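Report on the structure given below.
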Amino acid sequence: MVSSVTEGVKVSVKTEYQSDYSSPLQAHYVFTYRITIENASDYTIQLLRRHWTIFDSNGTVREVEGAGVVGLQPVLEPGEVHEYVSGCNLRSSMGKMAGTYLVERIIDGKQVRVTIPEFTMVVPYRLN
């Protein structure tokens, strides 16, 4: 698991290879990632947008941007945690992702780009 903190907002990521949904012979590798967002700041925040950069070891780079996460724009009070699971398809057996969330403090509308730490996605047999 990797984590980072930006202005009191902690983002942690854990990945898992999904062998049942992958097909290496067709260069199709599926990974899931569990994101935990902890609001350790003194302010209520709302997650507005996400931006991802996805690197595949075959040289492909993709960017994904959009509103919220998995269809939600959660509001987190100080001390609250939001967790979700999403996925990524790669054409090779390893890659990495990194990005940012745009969050807004409810009290004054200040917007902050929260770092999503870079994390790797590697098929387990590549680690031997």
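All of these numbers come straight from a predicted model, not from anything done at the bench. All residue numbers refer to positions in the sequence shown, counting from 1.
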Can you check whether [Y]'s main-chain N or O pairs, donor with acceptor, with [X]'s side chain at less than 3.5 Å?
{"X": "Arg49", "Y": "Gly68", "result": "no"}
{"X": "Arg50", "Y": "Ala67", "result": "yes"}
{"X": "Ser22", "Y": "Val30", "result": "yes"}
{"X": "Thr6", "Y": "Thr115", "result": "yes"}
{"X": "Ser57", "Y": "Met94", "result": "yes"}
{"X": "Asn58", "Y": "Ser92", "result": "no"}

Applying side chain to side chain contact (heavy atoms under 4.5 Å, CB included), run through Thr15 and Met97 and close with a yes or a no. CA-CA 11 Å; Thr15 62; Met97 290 176 64; over 6 Å; no
Beyond-backbone contact of [X] with [Y], side-chain heavy atoms, under 4.5 angstrom:
{"X": "Leu72", "Y": "His82", "value": "yes"}
{"X": "Gln46", "Y": "Leu48", "value": "yes"}
{"X": "Leu90", "Y": "Arg62", "value": "yes"}

Mind checking whether [X] and [Y] sit in one hydrophobic cluster, side chains of I, L, V, M, F, W, Y counted as touching below 4.5 Å?
{"X": "Val75", "Y": "Val112", "value": "no"}
{"X": "Ile35", "Y": "Val64", "value": "yes"}
{"X": "Val69", "Y": "Met121", "value": "yes"}
{"X": "Val114", "Y": "Val70", "value": "yes"}
{"X": "Ile116", "Y": "Val5", "value": "no"}

Give me the atom names and distance for the closest heavy-atom approach of [X] to [Y].
{"X": "Thr32", "Y": "Gln18", "value": "OG1-NE2, 3.0 Å"}
{"X": "Pro78", "Y": "Ser41", "value": "CB-O, 3.4 Å"}
{"X": "Leu76", "Y": "Ile37", "value": "CD2-O, 3.5 Å"}
{"X": "Ser93", "Y": "Tyr125", "value": "CB-OH, 4.2 Å"}

Anything under 30° is parallel, anything over 60° is perpendicular, the rest tilted; go ahead and classify Tyr101 against Tyr84.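 Perpendicular, since the angle between the ring planes exceeds 60°.
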May I ask you to decide if the ring planes of Tyr17 and Phe31 are parallel, tilted or perpendicular, using 30° and 60° as cut-offs?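 Rings of Tyr17 and Phe31: tilted, 30 to 60°.
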Please determine if Glu7 and Lys110 form a salt bridge, counting it only when a charged side-chain N lies under 4.0 Å from a carboxylate O.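 Result for this pair is yes, salt bridge flagged.
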Residue pair Val61, Thr53: steps toward the side chain to side chain contact (heavy atoms under 4.5 Å, CB included) verdict: CA-CA 7 Å; Val61 178; Thr53 304; 3.8 Å; yes
Go through Asn89 and His28 one step at a time and tell me if the side chain to side chain contact (heavy atoms under 4.5 Å, CB included) criterion holds. CA-CA 7 Å; Asn89 299 325; His28 181 74; 3.8 Å; yes
Take Gln73 and Leu47 through the side chain to side chain contact (heavy atoms under 4.5 Å, CB included) test and state the conclusion after the steps. CA-CA 5 Å; Gln73 291 181 312; Leu47 191 155; 5.7 Å; no
Looking at Tyr43, I want to see if its OH is surrounded by more than 12 non-hydrogen atoms of other residues, nucleotides or ligands under 6.0 Å.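 Atom OH in Tyr43 is not packed in, count stays at 12 or less.
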